[in-house]
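All residue numbers refer to positions in the sequence shown, counting from 1. For clarity, every value in this text was computed on a predicted model and none was experimentally measured.
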Amino acid sequence: MGHRQGFRSATEDGESRFYELIESLPMVAVQGYDRERRVIYWNDASARIYGYSRQEALGQLLEDLIIPDHMRDGVIEAHRDWLENNISIPSDELELKHKEGHLVPVYSSHVMIKQESGACEMFCIDISLEEQKRARDELYRRASFDDLTGLPNRHFMEAELSSRLNEADRLQQELAVVFIDLDNFKIINDTLGHHHGDSLLKAVAETLRAELRGGDLLSRFGGDEFVLLIFDSDGPEALHELICRLIDALEHQVHLEGDCYQVTASFGVSLFPHNGSTVAELMGNADAAMYQAKETGKNGLCFYTPDINDRLVQYQEITNLLRDALNNDGLELVFQPQISLSERKSDSCEALLRCFDGQSRAVSPAIFIPVAEKSGLINRIGDWVIEAACKQLHAWKRTPLANLRVDINLSGRQLTNPHLANHILETLERYELEPHQLGVELTENEVFGSDENQTRQLEKLKEAGLHISIDDFGTGYSSLVYLRKLPVCGIKIDRSFLQHAMQNNADMAIMEAMITVGHSLGLSVLVEGVETDEQAQLVTDLGCDLAQGFLYAKPMPAQKMEEFLPSF
């Protein structure tokens, strides 16, 4: 009897220590259930994790308490299998139900005791995974979403596109990939600062998102680029209508810190299955179409066509050729004299750039100059031209061409460099040249589109003594008011007017008016493209000061200039 009493005391003492142990584990929820799955034990951690106090939980059925509806039948069946067939419940990560209705992630293990006695008790040991889940969710968010705009990022978008392509193929649906790139965002970012630039990107994201259908996916691809996936697009007409709404929305609805900004973007579209069947093909073709939209004036839309790829291949080839030419002496200046019509002599010439490929074949400036502008290589090329022109003038100092002025062409992009004027003047000084020995030419649109800082660059050059001319005059959007205010010394009338002036009274009248206006403003007037004696007589009769064209001389290397001009 004493032994039995001692045995019971030891058992009770062991159970007491067991309960003390599980009560001391603040993050480990332990619940006990009888063979009917009613709660017989509920520790403090269970109350914290699931929201039910011990008093609320005791006597309740497991499936009514913390089991979600979709798991209810499976839990009852698993418990029955353990009791009747000794098939234990495996440990696993589960999401169980909180008192307030939301799901709680836990790692759950189970143990059955007193099974031989028939008074079976099942204990569940649940470890909360909420912190781990929050950490996983945060990692997923960072890996899949853009911090600035909250939009899906490139990784998420490409994975979603890959998944949707399989679905679209199975359902024989069209799918559109739209590449969106903001126009001139770098200027906005540099002018207003990165804080305003970030705010603008967020505003653009909200504006675009507000116009989309529920099933479409907008993502931030990076920088100022967005990608829109349009599923089951209802055909090109509906797609075109949607994108036009996006263009209009950006143009009129982007507000930033109390101010309204006019934002434009270029849109490129590729369609599945017509323009590709893989993520890489569709993305690449949409990107190519977007660049085509930029080339045709920005703030517009371009659908992909196969010839766009051909143009991109050519663009890349020319870009590589220009880089190679800059690094391996593939550039050359040639010179075309400018003839004084009254004195029949030449005191100036235009330096024209030539580029050669690896087989010494010349590439047309009409091809490589636009590529240089778009690729950003124009600044390096422009610096090369300034250096080469000054070097040649220095070489002519002890020849009959010592007093010849060389006019070089500048691009509008070069003019945005605030150090351009200083760079030109320093290069002249380094080669021991006077500023009046160099002239610069800019096209009409570049001059009239210049801002205050760019105008100051031209003023500094003119004040130093450089001759500044407007090239291709009459072909752009000139204003006589601006012509009066800008620091220019001369205008060069575009060859297109002369080519038609002999047969077209309107072109003749326009030429005469430009010459009269130029002289009234104290500017020298040169006509380009003089090729016949008849044209030469016409420009002389109209009072032009200078002429340039094949009638007098084709562009020639420096050595031929030394032979040509003294004998002209």
Colleague: Take F221 and E158, measure what side chain to side chain contact (heavy atoms under 4.5 Å, CB included) needs, and give me the verdict at the end.
Modeller: CA-CA 10 Å; F221 200 66; E158 289 182 339; 4.2 Å; yes
Colleague: Looking at every non-hydrogen atom in both residues, tell me the closest pair between S266 and A293 and how far apart they are.
Modeller: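 So the two residues come closest at CB-CB, 4.1 Å.
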Colleague: Which distance, rounded to the nearest 0.5 Å, do you find between the CG of L242 and the CD1 of I230?
Modeller: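 Between L242 CG and I230 CD1, I get 4.5 Å after rounding to 0.5 Å.
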Colleague: Would you say K97 and I67 make side-chain contact, with heavy atoms under 4.5 Å?
Modeller: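 No, side chains not in contact.
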Colleague: Is N153 reaching over with its side chain to a backbone N or O of H155, donor-acceptor style, under 3.5 angstrom?
Modeller: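 Yes, because the side chain of N153 sits within donor-acceptor range (under 3.5 Å) of the backbone of H155.
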Colleague: Can you tell me if R38 uses its side chain to pair, donor with acceptor, with the backbone of Q60 under 3.5 Å?
Modeller: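 No; judged by distance alone, with no hydrogens or angles, the pair does not exist.
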Colleague: Is there side-chain contact between L322 and V363, with heavy atoms separated by less than 4.5 Å?
Modeller: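 Answer no - side chains too far apart.
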Colleague: Measure the shortest side-chain to side-chain distance between R380 and N327 over non-hydrogen atoms and say whether it is less than 4.5 angstrom.
Modeller: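 A side-chain contact exists here, since the closest heavy-atom pair is under 4.5 Å.
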Colleague: Measure the spacing between OH of Y33 and CD of E63 and express it to the nearest 0.5 Å.
Modeller: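 With rounding to 0.5 Å, OH (Y33) is 9.5 Å from CD (E63).
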Colleague: Examine distances only and state if a side-chain atom of Q457 and a backbone atom of A421 form a donor-acceptor pair shorter than 3.5 Å.
Modeller: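 Yes: the side chain of Q457 pairs with the backbone of A421.
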Colleague: Decide if atom CD of E77 counts as having more than 12 heavy atoms of other residues, nucleotides or ligands within a radius under 6.0 Å.
Modeller: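 Atom CD in E77 is packed in, count exceeds 12.
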Colleague: Do other residues, nucleotides or ligands put more than 12 heavy atoms under 6.0 Å from H240 NE2?
Modeller: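 It does not: H240 NE2 has 12 such atoms or fewer within range.
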Colleague: How about F145 and F156: are their ring centres within less than 6.0 Å of each other?
Modeller: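 Under 6.0 Å, so yes.
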Colleague: Under the side chain to side chain contact (heavy atoms under 4.5 Å, CB included) criterion, do D64 and R72 qualify, and how do the steps go?
Modeller: CA-CA 8 Å; D64 293 339; R72 184 184 181 96; 2.9 Å; yes
Colleague: Flag yes if more than 12 heavy atoms outside D69 fall under 6.0 Å of its CG atom; otherwise flag no.
Modeller: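 Counting neighbours around CG of D69, 12 or fewer heavy atoms of other residues, nucleotides or ligands fall under 6.0 Å, so no.
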Colleague: Yes or no on side chain to side chain contact (heavy atoms under 4.5 Å, CB included) for V177 and F272, after CA distance, side-chain angles and deciding distance?
Modeller: CA-CA 8 Å; V177 177; F272 171 85; over 6 Å; no
Colleague: Distance-only, no hydrogens or angles: does the E93 side chain make a donor-acceptor pair with backbone N or O of V106 under 3.5 Å?
Modeller: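 No; judged by distance alone, with no hydrogens or angles, the pair does not exist.
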Colleague: With the side chain counted from C-beta on, respond yes when F267 and C302 share a heavy-atom pair under 4.5 Å apart, and no when they do not.
Modeller: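 F267 vs C302: side chains apart.
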Colleague: Stepwise, does the side chain to side chain contact (heavy atoms under 4.5 Å, CB included) test hold for E225 with R220?
Modeller: CA-CA 6 Å; E225 296 175 330; R220 184 183 177 204; over 6 Å; no
Colleague: Would you say T149's side chain and L151's backbone share a donor-acceptor pair under 3.5 angstrom?
Modeller: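 Yes; at least one donor-acceptor contact below 3.5 Å.
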Colleague: So, the side chain of S199 versus the backbone of H195: is there a donor-acceptor pair under 3.5 Å, distance only?
Modeller: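 Judged by distance alone, yes, a pair lies under 3.5 Å.
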Colleague: Just by distance, do the side chain of D81 and the backbone of N85 share a donor-acceptor pair under 3.5 Å?
Modeller: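 Side chain of D81 to backbone of N85: no pair is present.
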Colleague: Minimum heavy-atom separation for M283 and V227, please, with both atom names.
Modeller: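 Minimum heavy-atom contact is CE-CG2, 3.8 Å.
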Colleague: Between T207 (side chain) and A203 (backbone), is there a donor-acceptor pair under 3.5 Å?
Modeller: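 Yes; judged by distance alone, with no hydrogens or angles, the pair exists.
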Colleague: Say you draw a straight line from CG of L250 to OG1 of T264; how long is it, rounded to the nearest 0.5 Å?
Modeller: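 Reported value, rounded in 0.5 Å steps: 8.5 Å.
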Colleague: Do you know which two heavy atoms are closest between P68 and E95, and how far apart they sit?
Modeller: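 Taking every non-hydrogen atom into account, CG-O, 3.4 Å.
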Colleague: For the rings on F179 and Y291, is their centre-to-centre separation under 6.0 Å?
Modeller: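 No, the ring of F179 stays outside the 6.0 Å limit from the ring of Y291, centre to centre.
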Colleague: Taking all heavy atoms of H423 and all of T427, pick out the closest pair and write down the distance.
Modeller: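 For H423 and T427, the tightest heavy-atom pair comes out as O-OG1, 2.7 Å.
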Colleague: For a 4.5 angstrom cut-off between non-hydrogen side-chain atoms, does V178 reach I243?
Modeller: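 They are in side-chain contact.
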Colleague: Are D216 and R213 ion-paired here, with the side-chain N under 4.0 Å from a carboxylate O?
Modeller: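 Salt bridge flag = yes for R213 with D216.
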Colleague: Between Y50 and W42, what is the ring plane arrangement, given parallel below 30°, perpendicular above 60°, and tilted in between?
Modeller: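 Because their plane-to-plane angle lies in the 30° to 60° range, the rings of Y50 and W42 count as tilted.
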Colleague: Nearest 0.5 Å, please: how far is CG in N285 from CE in M290?
Modeller: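 M290 CE to N285 CG: 12.5 Å, rounded to 0.5 Å.
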Colleague: I need the minimum non-hydrogen distance between C124 and H110, along with the two atoms involved.
Modeller: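 The answer is SG-CD2, 3.4 Å.
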Colleague: Below 4.0 angstrom, N of the basic side chain to O of the carboxylate: do E56 and K99 qualify?
Modeller: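 Salt bridge present between E56 and K99.
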Colleague: Heavy atoms, side chains only, cut-off 4.5 Å: are L228 and L217 in contact?
Modeller: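 A side-chain contact under 4.5 Å is absent here.
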Colleague: Is it true that K133 and E130 have a side-chain N and a carboxylate O under 4.0 angstrom from each other?
Modeller: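 No, K133 and E130 are not salt-bridged.
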Colleague: Tell me whether S270 contacts the main-chain N or O of L282 through its side chain, where contact means a donor paired with an acceptor under 3.5 Å.
Modeller: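 Judged by distance alone, yes, a pair lies under 3.5 Å.
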Colleague: Walk me through it: do N43 and Q31 pass the test side chain to side chain donor-acceptor pair (under 3.5 Å)?
Modeller: CA-CA 7 Å; N43 73 347; Q31 314 102 49; 5.7 Å; no
Colleague: Before accepting this row, confirm whether a basic side-chain N of the pair R164/E160 lies closer than 4.0 Å to the acidic partner's carboxylate O.
Modeller: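 The answer is yes: the pair qualifies as a salt bridge.
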Colleague: Would you call R54 and D44 a salt bridge, taking side-chain N to carboxylate O under 4.0 Å as the test?
Modeller: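 Counted as a salt bridge, because a side-chain N and a carboxylate O are separated by less than 4.0 Å.
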Colleague: Do H102 and H98 make the cut of ring centroids closer than 6.0 angstrom?
Modeller: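 Yes - the distance between ring centres of H102 and H98 falls below the 6.0 Å cut-off.
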Colleague: For the residue pair L201 and F226, establish whether any side-chain heavy-atom pair is separated by less than 4.5 Å.
Modeller: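 Yes, side chains in contact.
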Colleague: Let me confirm one number: the OH-CE distance from Y41 to M122, rounded to the nearest 0.5 Å.
Modeller: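 So the OH of Y41 and the CE of M122 are separated by 15.5 Å.
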Colleague: Once rounded to the nearest 0.5 Å, what's the spacing between atom CG of D126 and atom CD1 of I66?
Modeller: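 Atom-to-atom, D126:CG and I66:CD1 are 6.0 Å apart.
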Colleague: Please report the closest heavy-atom contact between V269 and A289, naming both atoms and the distance.
Modeller: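 Heavy-atom minimum between the residues: N-CB, 3.7 Å.
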Colleague: State, yes or no, whether a side-chain contact exists between E281 and N275 at a heavy-atom distance under 4.5 Å.
Modeller: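 No, their side chains stay 4.5 Å or more apart.
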Colleague: Mark yes or no for whether N417, through its side chain, and H419, through its backbone, hold a donor-acceptor pair below 3.5 Å.
Modeller: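 Yes; judged by distance alone, with no hydrogens or angles, the pair exists.
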